[in-house]
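Since the structure comes first, as structure tokens, the remarks are kept for the end.
The analysis underlying the following values was restricted to heavy atoms, covering all of them including side chains, and did not include hydrogens, waters or symmetry mates. Each residue takes its place number in the sequence, starting with 1.
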Amino acid sequence: RCGAGGGGGSPCPCALTGSPPQALVDDTEDVSLDFGSEEELALRKARIRHPLATFFHLFFRVSAIVTYLFCDWFSNSFVACFVTILLLLSFDFWSVKNVTGRLLVGLRWWNQIDEDGKSHWVFEAKRVPPVAASTEAEARIFWLGLIICPVIWTLFFFSTLFSLKLKWLALVIAGISLQTANLYGYIHCKLGGQKSISRVTSRLFATADVPR
């Protein structure tokens, strides 16, 4: 029974008008639940979103360095050590160029030849929303591995040259060439992406100044 009803058992006014009590109307509200923000926050907090790609980004290049340092402990065959290290360097070059760079930092580079036979280098920086962007930990691992390993192979070059181990010189030069090529390509991708963003920003400011 409604408290606003009349005495003597008279019916409630709410029953006559067919409307619910005012207290029930005030307590009922439409609430929107934003599940997307929680998902985005969880993705941003994730430190390593591509563990397999992160692992192989370091596995092949570190394995090549370790094999070069300790190959004499496992085998006395120079040819076997040479081929093993060269294969690891080749696997590293392919995986970093085609897989890990695209997944970890959203960068990609390649070379294409047009119909006239001219060679063109293409450097791309992928623009993705914050949810799909890589984490800071992945980017840090990517760039540290990309920079430190060529420096190590450069040190191997001087140590091989000064110790007169000339039979390893060709392998060390191959390691420097393959890993420096990836470093050069991804630096161009990074700088090219920043330049393209600056060009877009300048165009936006120029467009905004037109009405003035």
Side-chain angles (χ1 to χ4, degrees), residues 40 43-44 46-65 68 83-157 169-208 210:
E40 180 178 352
L43 289 175
R44 287 179 179 177
R47 297 186 62 84
I48 301 296
R49 292 182 53 201
H50 305 91
L52 193 61
T54 305
F55 171 77
F56 281 106
H57 177 71
L58 299 176
F59 173 75
F60 291 120
R61 53 184 51 212
V62 172
S63 298
I65 293 173
Y68 176 81
V83 172
T84 301
I85 297 172
L86 190 61
L87 287 176
L88 290 172
L89 290 172
S90 302
F91 291 155
D92 169 72
F93 178 81
W94 183 90
S95 62
V96 172
K97 178 180 177 296
N98 296 296
V99 180
T100 62
R102 178 174 53 86
L103 293 178
L104 300 183
V105 290
L107 302 176
R108 185 176 62 175
W109 67 274
W110 75 93
N111 179 269
Q112 63 180 8
I113 300 177
D114 58 11
E115 298 178 353
D116 298 332
K118 295 182 180 180
S119 178
H120 299 278
W121 293 94
V122 182
F123 306 96
E124 285 187 347
K126 186 177 182 181
R127 296 180 179 180
V128 294
V131 176
S134 61
T135 62
E136 294 182 0
E138 290 177 338
R140 190 178 297 111
I141 292 173
F142 177 84
W143 287 109
L144 285 177
L146 202 67
I147 294 172
I148 293 176
C149 290
V151 174
I152 295 176
W153 282 104
T154 304
L155 295 177
F156 288 163
F157 173 79
L169 196 59
L171 180 63
V172 173
I173 293 175
I176 295 175
S177 302
L178 291 174
Q179 298 202 354
T180 304
N182 265 328
L183 178 61
Y184 176 82
Y186 281 114
I187 288 177
H188 267 271
C189 292
K190 188 70 174 178
L191 296 179
Q194 292 178 352
K195 290 179 181 178
S196 62
I197 292 175
S198 63
R199 286 197 298 268
V200 172
T201 305
S202 62
R203 289 177 184 176
L204 290 177
F205 280 113
T207 306
V210 169

Are Thr54 and Phe142 close enough, and set up right, to give a side-chain contact (heavy atoms from CB on, under 4.5 Å), and what steps lead you there?
CA-CA 8 Å; Thr54 305; Phe142 177 84; over 6 Å; no
Could you tell me the separation between the CG atom of Leu88 and the CG atom of Leu178, rounded to the nearest 0.5 Å?
11.5 Å
In terms of heavy-atom contacts, Ala53 and Leu103 come closest through CB-CD1, 3.9 Å
List the atom of Ala137, the atom of Ile48, and the distance in Å for their closest heavy-atom pair.
CB-CD1, 4.1 Å
Check for a donor-acceptor pair, side chain of Gln179 on one end and backbone N or O of Phe93 on the other, with a separation under 3.5 Å.
no
Heavy-atom closest contact (Leu183 atom, Pro150 atom, distance):
CD2-CG, 4.5 Å
Do Asp114 side-chain atoms and Asp116 backbone N/O form a donor-acceptor pair below 3.5 Å?
yes
Does any non-hydrogen side-chain atom of Glu124 lie less than 4.5 Å from one of Trp110?
yes
What are the two closest heavy atoms between Thr154 and Ile176, and how far apart are they?
CA-CD1, 3.9 Å
Please round to the nearest 0.5 Å and tell me the distance separating atom OG of Ser119 and atom CG of Asn111.
3.0 Å
dist Phe157:CZ -> Leu171:CG (nearest 0.5 Å) comes out at 13.0 Å
Once rounded to the nearest 0.5 Å, what's the spacing between atom NE2 of His57 and atom CG of Leu144?
8.5 Å
Side chain to side chain, Ile65 and Cys149, heavy atoms closer than 4.5 Å
yes
From CZ (Arg102) to NE2 (His50), nearest 0.5 Å:
9.0 Å
Determine, step by step, whether Trp94 and Val99 satisfy the side-chain contact (heavy atoms from CB on, under 4.5 Å) criterion, reporting the C-alpha distance in whole Å, the side-chain angles of both residues, the deciding distance to 0.1 Å, and the verdict.
CA-CA 8 Å; Trp94 183 90; Val99 180; 3.9 Å; yes
With no hydrogens and no angle check, is any side-chain donor or acceptor of Glu138 less than 3.5 Å from a backbone partner on Arg49?
yes
Is there a donor-acceptor pair closer than 3.5 Å between any side-chain N or O of Arg61 and the backbone N or O of Gly145?
yes
Are any side-chain N or O atoms of Asp92 and backbone N or O atoms of Phe60, one a donor and one an acceptor, separated by less than 3.5 Å?
no
Is any side-chain heavy atom of Thr180 less than 4.5 Å from a side-chain heavy atom of Trp153?
no
Phe123 and Trp121 aromatic ring geometry - parallel, tilted or perpendicular at 30°/60° bounds
parallel
Report the distance from atom CG of Asn182 to atom OG of Ser95, rounding to the nearest 0.5 Å.
8.0 Å
Can you tell me how the ring of Phe55 sits relative to the ring of Phe59, calling it parallel under 30°, perpendicular over 60° and tilted otherwise?
parallel
For a side-chain contact (heavy atoms from CB on, under 4.5 Å) check, start with the C-alpha distance between Val122 and Gln112, then their side-chain angles and the critical distance, and finish with the verdict.
CA-CA 8 Å; Val122 182; Gln112 63 180 8; 3.8 Å; yes
Which word best sums up how the rings of Trp109 and Tyr186 line up, parallel for under 30°, tilted for 30 to 60°, or perpendicular for over 60°?
perpendicular
So do the side chains of Leu104 and Ile141 get within less than 4.5 Å of each other, counting heavy atoms only?
no
